[in-house]
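Heads up, the thing below is written out as structure tokens.
Lettering of chains follows the sequences in order, A, B, ..., and the numbering in each one begins at 1. As a basis for the values below, the full set of heavy atoms in this structure was taken, side chains included, without hydrogen atoms, waters or symmetry mates.
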Amino acid sequence: MRTSQEVPAIRQAEAGREAVLLRWGLIPYWAKDEKFGYHTINARAETVDRKPAFRSAFKRRRCLIPATGFYEWKKLNRHKQPYHIRVKDRELFAFAGLWEHWRSPEGKAIESCTIIVTDANEVLKPIHDRMPVILDPGDYDTWLDPDNRDVDRLRSLLRPYPPNRMEFWPVSWKAGSLHMIRLRGLQLAEAVIPARCTVLFLLSPYR
DNA sequence: CCAGACGTTGTT
DNA sequence: GTCTGG
DNA sequence: CCAGACGTTGTT
DNA sequence: GTCTGG
């Protein structure tokens, strides 16, 4: 497993939404070492507004992390079976994320992010007990608005995705596999990159 | 009080 | 920066 | 998962 | 033996 990986993210800037690449694994601004991010690829929805590592980003630095699918492993007797999971009828969806800015004592700056996770819905529970939060497109504006201080409203968006909107199938596992897809007329590479239990797949322009 | 943690999952 | 655990 | 703790009060 | 912290 690589120690760090960049993922695409959408966030609200002064001039409007912007797409950026962020290091996956949120590094709080007060962290002494960038290695802190090794343990923060996920944030629990149940506590994300209170945990010291995430609460500051939860207030002002929420983002979307686009994906075409994700993976979870089902524990079997001796092995683990990976499943590819998608949202029905949608080639592209978005995880609820947070981002943060960090600067080392030497001045090295890193922008990083994390994906919020919650309880798995009834369909995914047999595979794994947790799942990333997937937002409805109608909630993107609410989630991204840095001036939104309505914590209850924001937290209410962090629910398991409706189970009848998901589809999944078992896949074979090969680290670093890559395949080409067409999305909205663009040829893209869909990368499958392992990182503990949740894997993100996305979207970088194919060259 | 004050040093040390501050995070998630659970094999890779 | 703030909380917690010893 | 697995190693290590397993207790109380709370400054000097 | 069981819980917890890493």
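Distance check: A/E111 CD to A/R61 CZ gives 10.0 Å after rounding to the nearest 0.5 Å.
Distance CH2 (A/W30) to C1' (C/dC3): 10 Å, rounded to an integer number of Å. A straight line from NZ of A/K32 to P of C/dT2 spans 14 Å, rounded to a whole angstrom. If you measure from atom CD of A/E46 to atom P of B/dT9, you get 8 Å, rounded to the nearest angstrom. Nucleotide B/dC6 holds its C1' atom 9 Å from the CZ atom of A/F54, rounded to whole Å. As rounded to whole Å, 15 Å separates atom C1' of C/dT2 from atom CG of A/D49. Going from atom CD1 of A/I116 over to atom P of B/dT8 covers 11 Å, rounded to whole Å. Distance, A/Y29 OH to B/dC6 P: 17 Å, rounded to whole Å. If you take CZ of A/F36 and C1' of E/dG6, they are 13 Å apart, rounded to a whole angstrom.
Checked against a 6.0 Å centroid threshold, the rings of A/F70 and A/F95 count as neighbours.
Partners of A/Y140 by ring-ring contact (aromatic ring centres under 6.0 Å, His included), not counting sequence neighbours: none found.
Nucleotides E/dG5 and D/dT8 place their P atoms 14 Å apart, quoted to the nearest Å. Taking atom P on both nucleotides, D/dG7 is separated from E/dT2 by 15 Å, rounded to a whole Å. Taking atom P on both B/dG4 and D/dT12, the two are 16 Å apart, rounded to the nearest angstrom. The separation of C/dG6 from D/dT9, taken at their C1' atoms, amounts to 10 Å, rounded to a whole angstrom.
Checking B/dG10, B/dT8, C/dC3 against the side-chain heavy atoms of A/R55 singles out C/dC3 as nearest.
OP1 or OP2 of B/dT9 has not a single side-chain nitrogen or oxygen of A/H128 nearer than 4.0 Å. Checking the phosphate oxygens (OP1, OP2) of B/dT9, a side-chain nitrogen or oxygen of A/R130 falls inside 4.0 Å. Regarding contacts with the backbone of B/dT9, a side-chain N or O of A/R44 is found under 4.0 angstrom from either OP1 or OP2.
The closest donor-acceptor contact from the side chain of A/W102 to the backbone of A/A31 lies under 3.5 Å.
Across every strand in view, B/dC6 sits in a pair with C/dG1 that passes the Watson-Crick or G-U test at under 3.5 angstrom.
The minimum heavy-atom distance linking A/R62 with A/K59 is given by the pair NH1-O, 2.9 Å.
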